[in-house]
Amino acid sequence: MLVDMGFSVEMIARAIEENGPNAETSVIIDTISNYSKHCEASSSKSKTIDHFLAMGFDEEKVIKAIHEHGEENTEQIADSLVSCAVVSCAAEELPKVKEEDDIDWSDSDNEINYSDFLSSDDEKHLDSSLGNSSQVLDLVKMGYSKLEASLALERCGENVSTADLVDFICAAQIAREAPEFHADPEERKPRHDVKKRRIEPKREPRLSTDADEPVRLPNPMIGFGLPNEPGLITHRTLPDLARGPPYFYYENVALAPKGVWETISRHLYDVAPEFMDSKYLCAAARKRGYVHNLPISNRFQIQPPPKYTVQEAFPLTKKWWPKWDERTKLNCILTVTASAQLTNRVRNALEAHSGEPSEATKRYVMKECKTWNLVWVGKNKAAPLEPDEMETLLGFPKNHTRGGGMSRTERYKSLGNSFQVDTVAYHLSVLKPLFPNGINVLSLFTGIGGAEVALHRLQIPMKTVVSVEISAENRNILKDFWEQTNQTGVLIEFADVQELTTSRIVELMKRFGGFDLVIGGSPCNNLAGGNRVTRSGLHGEQSVLFYEYCRILEVVRETTARMRRS
DNA sequence: GAAAGAATGAATTGGCAT
DNA sequence: ATGCCAATTCATTCTTTC
C-alpha cells in the first residue's frame, strides 16, 4: 500500500535513517503529505488527514489508514489507528512489517488479480518470506530498524544468512554516510597527482549527496566529462541502493530553486546528479541535471556530431552576422519565442541611423538577441528560430514535431520542454554493448520522445517502449516517429502516470520480461526560472509529479528483484 | 475559437571590487 | 567575508488578431 503511495519501505527506511531513529519524520511526512495531495487530487483528503492529526495520531499512520479504508470511512480509520497505537505500545511492531510486505504485493484494490500471473515460485516466495520474519526479528534485536531489516531481506533475497543481511545493512550505511568510501580510487589519490586534474581543478564530482551539504553546480558544467576532452571521469561507485537493474535516468532543470536537487537526489537513492550544459555538445545552452545509475565509462557521441556553433549550424546566417554580435552559442531554447514584430523593431532600431549603430543601439539589439535567441537571417534582420531549426539544435530529425495536429506555437512549447538528444544519447551510449539484442524501456513524461530518438540514433534496438505522456499531440508525434523509423518493437502509450498502477506495471513487466531502463524528465514548470507566476518548487502542481517517477521506479525495482529471484 | 503577440520579475549564480 | 552588478532562465496569463 505504501508503494502505491509512492513510498516504498526502502524510502521510508532511508528517510528515517537520515533523520535519526527517533527524530522527527518531517521529511517523510512532508513528502507523503505532499504526494498524497497530488495523488488524491482533492483537498478533502488532506482535510481528513488534518482531522486525525488534530487527534494526535502519527501522520504516517493516518495516511496509511486512510488509504486502507478510504477517506470516507472515518470510523474504520479511527479503529485502525487506535489498534495500531495499541500494537505500538506493546513494542512489537514486527507483524506490521510483514503486513506491509504482503499488502505491497496482494493489494486487492487493483483491478488485476495477482494470482493470475504470479507463478507458483512467487507464491512460494511470499510464504517463505513470511517464514523469514524471524530474521527480521533478529535484526531488530540487534538494533536495526524494522524497515531497515525488511529492506535488507527484500534486496538480498530469502536464502541468506542473518550475517549476510547485517553485511548488507552495514554496506548500505557506509555507502550513504561516507562519500569517500566509494570515490573512484583514481580520483582519491592524494595530491601528488595534481597534473591529472590540472585541467579542471574545481570539477571534482561529489559521488554521494550529503543531506546537509547543498548541491553545488559544477563550473564548467560538464558532468563526468566531455567526449574527446581530457579530464574524463570514467568510474564512480554508486550507493549500493542505487544499483540496477533496472537502469534509471532522470532529468530536470539544473537551475532549480535551492534544495530541490538535494531532495531529488535523496529520493533517487542518494545518487549525485550529473550536471551538464548541452552547449558543450551542440550550439545551444541547456543546463540540466541528470540523476542516473548508468555506467560512465566508454561513452560515445552519436554520429554525426551536431554543429558546435550557431554559425556552423545555420551557415546562411554567417553572411548577415554582425561583428559586434560575438555569440557563437545560443541560450537555452525555451517554450515561447519572439514574435515576428520583434524582428521589425530590431531592424528599425538598426536602420534609424546609417553606418555603424551606436553603442546604445547595439546594447538594445544584443539584449533582444540574447533574450529571444535571435539569429541573423538578413541585413539587419534578426529573427527567432524556426521550429525545424530548433529540432536540429536539439538533435531531432527535421519536421519531427510537424503534423500531429500541432500549431506552430505548440511546437515551440513541446520543443522547449524536450531533451537535447545528443546529450542524453551521450549518457545512454554505454547501454549499447550491454543490450545488443534490444532494450525494454519505460519512458515517463515522454514529451516528443527525446529518449526514444536518442536510443534510435544510438542504434540500440527498442524491443518495447511503454510511454507515458499527457499531451495527445506529443503522443501522436512519438507514434509517427515509431512508424516512420520502421521500428520493429512494441510501442504502448499511456496518457497519465496515474494509469500506471502497481498492478499494471507488474503486468507489463511480466508480459515483456521487465524493464531495462526507466527514463524521464518530470515537469519543470514550477522549477524553471522563466516562470514568474508559479515557481513554487518541487511540490508545485506539475513538478510534484517527480514523486510519480519515484513511485513507478520503485515498483519496477522491486518487481525486477522478484522476477530475478524466481 | 484558435493562434499569435505582449506583458508579467524573481531566483540564483558568477565575477569582481571592496 | 560582503556587496554590487551582470547574466540567465524546459513559463503563465491576458490581449489582440485572424
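These values consider heavy atoms only, across backbone and side chains, with no hydrogens, waters or symmetry-generated copies.
In this structure, the CG atom of A:N219 is 13 Å from the C1' atom of C:dT8, given to the nearest Å. Taking atom CG of A:N373 as the reference point, atom P of C:dT9 lies 8 Å away to the nearest angstrom. Summarising the geometry, the separation between CD on A:E469 and C1' on C:dC10 is reported as 13 Å, rounded to the nearest angstrom. The CZ atom of A:R363 sits 10 Å away from the P atom of C:dA6 (whole-angstrom rounding). Counting to the nearest Å, the P atom of B:dA7 and the CG atom of A:N531 are 19 Å from each other. The separation between A:D277 atom CG and C:dA7 atom C1' is 13 Å, rounded to whole Å.
Inspection of the A:Q301 and A:S429 side chains reveals no N or O donor paired with an N or O acceptor under 3.5 Å. With 3.5 Å as the limit, one finds a donor-acceptor pair spanning the side chains of A:Y412 and A:R408. For A:H456 and A:Q487, the side-chain atoms include at least one donor-acceptor pair closer than 3.5 Å. With 3.5 Å as the limit, one finds a donor-acceptor pair spanning the side chains of A:Q420 and A:D422. Using modelled atom types and a 3.5 Å distance limit, the side chains of A:R557 and A:Y269 yield a donor-acceptor pair. Looking only at atom types and distance, the side chain of A:T328 has no donor-acceptor partner in the side chain of A:T309 under 3.5 Å away.
Along DNA chain B, the nucleotide nearest A:V533 and the nucleotide nearest A:A340 are compared for position; the residue whose nucleotide lies closer to the 5' end is A:A340. Nearer the 5' end of DNA chain B, as judged by each residue's closest nucleotide, is the contact made by A:S339, out of A:S339 and A:L255.
Residue A:R288 is in base contact, counting any heavy-atom pair closer than 4.0 Å across all strands shown. Among the protein residues, A:C332 comes within range of the sugar-phosphate backbone only, with heavy atoms under 4.0 Å from sugar or phosphate atoms but none that close to a base. Across all strands shown, A:L217 has heavy atoms under 4.0 Å from sugar-phosphate atoms exclusively, and none from any base. Heavy atoms of A:S522 sit under 4.0 angstrom from at least one base atom. Among the heavy atoms of the strands lying under 4.0 Å from A:E251 is at least one base atom, whether or not backbone atoms are also near.
Between A:H400 and A:F481, the angle of the ring planes goes over 60°, which puts this pair in the perpendicular group of the 30/60° scheme. Ring geometry for A:Y249 against A:H427 counts as tilted: the plane angle lies between 30° and 60°, on a 0 to 90° scale.
Between the side chain of A:N373 and the backbone N or O of A:C332 there is at least one donor-acceptor pair closer than 3.5 Å.
Distance check on atom P: C:dT9 versus B:dT8 gives 22 Å, rounded to whole Å. One C1' atom belongs to C:dC10, the other to B:dG14, and the distance between them is 22 Å to the nearest Å.
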Intra- and inter-strand pairing of DNA chain C, written as dot-bracket with Watson-Crick and G-U pairs under 3.5 Å and | for the latter, reads |||||||||.||||||||
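Contacts between residues 411-418 of chain A and DNA chain C, defined by a heavy-atom separation below 4.0 Å, involve A:G416, A:N417, listed by number.
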Quick one: which protein N/O atoms are closer than 3.5 Å to N/O atoms of nucleotides 3-5 of chain C? Pair and distance per line, please.
none

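Ion pair A:R411/A:E391 flagged as a salt bridge, since at least one NZ, NE, NH1 or NH2 atom sits closer than 4.0 Å to an Asp/Glu carboxylate oxygen.
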Would you check, one step at a time, whether the test side-chain contact (heavy atoms from CB on, under 4.5 Å) holds for A:L316 with A:K318?
CA-CA 5 Å; A:L316 294 178; A:K318 277 185 200 170; over 6 Å; no
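Here the CG-CG distance, from A:L538 to A:L527, works out to 6.0 Å after rounding to the nearest 0.5 Å.
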